[in-house]
Protein chains: 2
Amino acid sequence: MIGRALQLLGAFDAEHRELTLSELARRADMPLSTAHRLMHELCEWGAVERGGDGLYRIGLRLWELGSLAPRGPGLRETALPFLEDLSLITRENVQLAVREGTEVVFVERIAGSGAVPVLTRVGGRFALTATGVGLVLLAHAPVEVQEEVLGGSIDRYTERTVTDPAQLRRMLAAVRSNGFSISDRQVTMDALSVGAPIHDRRGQVVAAVSLVVRHGSTTPHALARLVRTSAQAISRALSA
Amino acid sequence: MIGRALQLLGAFDAEHRELTLSELARRADMPLSTAHRLMHELCEWGAVERGGDGLYRIGLRLWELGSLAPRGPGLRETALPFLEDLSLITRENVQLAVREGTEVVFVERIAGSGAVPVLTRVGGRFALTATGVGLVLLAHAPVEVQEEVLGGSIDRYTERTVTDPAQLRRMLAAVRSNGFSISDRQVTMDALSVGAPIHDRRGQVVAAVSLVVRHGSTTPHALARLVRTSAQAISRALSA
DNA sequence: GCGCGGTTTCCGGAAAATGGAAGCTCTTAG
DNA sequence: CTAAGAGCTTCCATTTTCCGGAAACCGCGC
């Protein structure tokens, strides 16, 4: 079964980039012998590799495949220079993210020099309802997705996290009409983020950029202009 | 069987980031119904995704996994700022690569503004024997790998490509003692590249940086100093 | 020598993959 | 308006392959 192999691969995450066979078997919840055989096959193909120390790691082949993901490089690479500009100008955290299902996935992140520490990581995931990028992506997601998110349970991170579906709907409408989102202390009590949508050639929203700053350090609207400008520049570059 | 699924994934490459079911079946050489079922499973897990147009693409989940590859982010992310410096200073092409088996895999690439067009691509592969990065990586590879490469057939790209094993051995020895490599018109007749090794904490060579410039535009040794400095800085950053 | 944690190999029963064929859908042609 | 065709999806009997318990194996420290 192919699912088991994927289950094994799923045992790897940011905190566990190297795993022993037994750890893998434990984390993927399957007998050692099974894990062994599957890992062996994956190894042969180059999906994972084994160091001299016996630890398994994700292989280059998989990295290579991953870098073919449509949102991966095409987006990431064209956006990178603009993100850097934004980072240079503001000296704040810059984030680039896409939506997958009902979650945000962070595709690139540039840490500003004197900036708030941000808890997200490249490749990491987060709820759509709290962050600046998340709100943008949710606002432009298909209705089914919006309903699923707003209908389900909404995680609370701080006392200011908006968890009321009706209020969220109003925020999303505002995001659509303003062209940017503001997440004010909704993730941590010291951070505020401003996000803006990136469109593809057909006008579809495919990603979002955001700036994350310390709460109270600047007025959101000044940032919004910057972020929107940058997002538009990226959109234009993507269509070229 | 797990091999078949990997075979299907292998059907994707830089020129074929989006494939229809029938193309996949054809490229992976298997019946349509089998391909269909496997792709369906892979889709469910998020390894691949299907656009509204019915085309399959590599999914975000796989990108995420790939970005956990040990050489992927750890190396890439710490190296990136240095590569950018190098690119800003020289305005030339900067490349970062690792070795896999008997090939070079390009991990990052920054195109210089007025630079020679380079044929390599992030995620792309190349022979170890011709490029600047390749020579560095080969020079510091385990003996078995060197023998395999030097014993096998050596691809020729231009009239100046070195294909004589004895001469290559001498070049590799020079790379080891000099601490940098020069590939002069060995890949294309207008390009010259200078590479230097990146070490990990234990002194193992884990990657290589190179500058690719137009042949005749600068003296290689001036570049060599820059590239070595940068490589050492990256090595130091990696150990920190 | 012995026990211990982790790894590798084996093999018969069980379960899941296989792929031919038929049905579906959409587009193009007559 | 019907027909042909290309590509996609579903079905299901066959058979191949995977599964995983058990046992051997391998350092390593006591």
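Chain letters run A, B, ... following the sequence lines, proteins first, then strands; residues in each count from 1. Since the structure is predicted, the reported quantities are computational estimates derived from the model, not experimental observations.
Taking the charged nitrogens against the carboxylate oxygens, B:Arg76 and A:Glu108 do have a contact shorter than 4.0 Å, which makes a salt bridge. Of the charged side-chain nitrogens involved, at least one lies within less than 4.0 Å of a carboxylate oxygen, so that B:Glu100 and B:Arg125 count as a salt-bridged pair.
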Every protein N/O lying under 3.5 Å from an N/O of nucleotides 24-28 of chain D:
none

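Near DNA chain D, defined here as any heavy-atom distance below 4.0 Å, the residues from residues 27-38 of chain A are A:Pro31, A:Ser33, A:Thr34, A:Arg37, listed numerically.
At least one side-chain heavy atom of B:Leu9 sits less than 4.5 Å from a side-chain heavy atom of B:Val48.
You can see that DNA chain C meets the heavy atoms of chain A within a 4.0 Å-exclusive cut from C:dG6 to C:dA17, reading 5' to 3'.
For A:Ser181 against A:Val175, the heavy-atom pair with the smallest separation is CB-CG2, 3.6 Å. B:Leu19 approaches B:Ala11 most closely through the heavy-atom pair CD1-O, 3.6 Å.
Nearer the 5' end of DNA chain C, as judged by each residue's closest nucleotide, is the contact made by A:Leu21, out of B:Glu41 and A:Leu21.
With A:Thr20 contributing its side chain and A:Leu55 its backbone, the two residues share no donor-acceptor pair below 3.5 Å. With B:Gln146 contributing its side chain and B:Ala139 its backbone, the two residues share a donor-acceptor pair below 3.5 Å. The backbone N or O of B:Asn178 lies less than 3.5 Å from a partner atom in the side chain of B:Arg228, making a donor-acceptor pair. Put simply, the side chain of A:Ser235 never gets that close to the backbone of A:Ile198: no donor and acceptor are under 3.5 Å apart. Side chain of A:Arg99 to backbone of A:Gly101: a donor-acceptor contact under 3.5 angstrom is found.
Nucleic acid contact for A:Arg26: none, since no nucleic acid atom lies under 4.0 Å from a heavy atom of the residue.
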